[in-house]
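Notes for the one structure printed next.
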Amino acid sequence: MKTSKKFLATALLLGVMGSVNVHAQTVEPLKEGKGFRIGIGASGGLTSDSSPFDYGLGADARIQWDLSNYVSVLGTGGYTRMFGKDANADYDFIPAKGGVKVFPIGNMYALGEIGAGFAIKDGSKTSLIWSGGVGYECKNGLDFSFRYEGYTQDSSSSTYVPYTGQYALRIAYGFKL
């Protein structure tokens, strides 16, 4: 292609591009300003093959303090039962976690939590719990999330497992206070 044709094609392309109005997309945030929310949820999860547990079930209540349209602070408590592969190897505990929820795109969020699992069985010790996940808050109050939750126990616990975790799905309903 000759130099004059290249120049003409480039000038034409720049002219067309310059005449097009470009508008950035905006995403409406789910929440309007600051406030408190409460969510009641149920979750179920599966463990890895190396875990002494098959699956876990739980229920929880979560309070959420919206610092802005994009960041919230969380407090979660409830009840979780990890069902063991052996009949007597179940592990029941009351999780108490704190964390942060970030809304990078509209109603979608990422969250991270850390806390303690207070064991119910005699001789069991408290576990360290941490979790991270993603989710979606619907405008009608429904909340769907997927997380990995890890547990580390004290070695003197009667239910001692050095480390285990679950991949869990949580379905909840939340409302403003």
Within this structure, what is the [atom1]-[atom2] distance for the pair [X] and [Y], rounded to the nearest 0.5 Å?
X: T76; Y: I63; atom1: OG1; atom2: CD1; value: 10.0 Å
X: L169; Y: S43; atom1: CG; atom2: OG; value: 8.5 Å
X: S72; Y: R37; atom1: OG; atom2: CZ; value: 8.0 Å
X: L142; Y: Y136; atom1: CG; atom2: OH; value: 11.0 Å
X: T80; Y: E149; atom1: OG1; atom2: CD; value: 6.0 Å
X: T47; Y: Q166; atom1: OG1; atom2: CD; value: 8.0 Å

- Any donor-acceptor pair under 3.5 Å linking the side chain of K85 with the backbone of S51? yes
- Query: Within the side chain of D143, is there an N or O that forms a donor-acceptor pair under 3.5 Å with the backbone of Y173?
  - Reply: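 It does not hold such a pair.
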- Could R170 and D60 be called an ion pair, given the rule that one side-chain N must be under 4.0 Å from one carboxylate O? yes
- Query: Is the shortest distance from a Lys or Arg side-chain nitrogen in R147 or E113 to a carboxylate oxygen in the other one below 4.0 Å?
  - Reply: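 Salt bridge flag = no for E113 with R147.
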If Ile, Leu, Val, Met, Phe, Trp and Tyr residues are connected whenever their side-chain heavy atoms lie under 4.5 Å apart, and connections chain through other members, are [X] and [Y] in the same group?
X: Y148; Y: F83; answer: no
X: I171; Y: V134; answer: no
X: V102; Y: L67; answer: yes
X: F175; Y: F36; answer: yes
X: W65; Y: V71; answer: yes

In the structure I gave you, are the side-chain heavy atoms of [X] and [Y] within less than 4.5 Å of one another anywhere?
X: L74; Y: V100; value: no
X: Y91; Y: P52; value: no
X: I129; Y: I114; value: no

Give me the atom names and distance for the closest heavy-atom approach of [X] to [Y].
X: S131; Y: K97; answer: OG-NZ, 3.9 Å
X: G78; Y: I94; answer: O-CG2, 3.2 Å
X: F93; Y: G117; answer: CD1-CA, 3.8 Å
X: G44; Y: L57; answer: CA-CD2, 3.9 Å
X: A110; Y: P104; answer: N-CD, 4.4 Å
X: T126; Y: A116; answer: CG2-CB, 3.7 Å

- Task: Please find out if less than 6.0 Å separates the ring center of Y109 from that of F103.
- Result: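 They qualify: ring centres under 6.0 Å apart.
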- Ring centre gap for Y55 and F53 strictly below 6.0 Å: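 Centroid separation for Y55 and F53: 6.0 Å or greater.
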- Task: Begin with the C-alpha distance, continue with both residues' side-chain angles, and end with the deciding distance and a verdict on side-chain contact (heavy atoms from CB on, under 4.5 Å) for Y151 and M82.
- Result: CA-CA 11 Å; Y151 314 105; M82 299 297 293; 4.1 Å; yes
- Task: Quick one: list whatever passes side-chain hydrogen bond (donor to acceptor under 3.5 Å, both in side chains) with D92, sequence neighbours left out.
- Result: Y79, R81
- Verify side-chain contact (heavy atoms from CB on, under 4.5 Å) between E137 and Q64, making sure each step is shown before the conclusion. CA-CA 12 Å; E137 281 186 2; Q64 177 175 318; 3.3 Å; yes
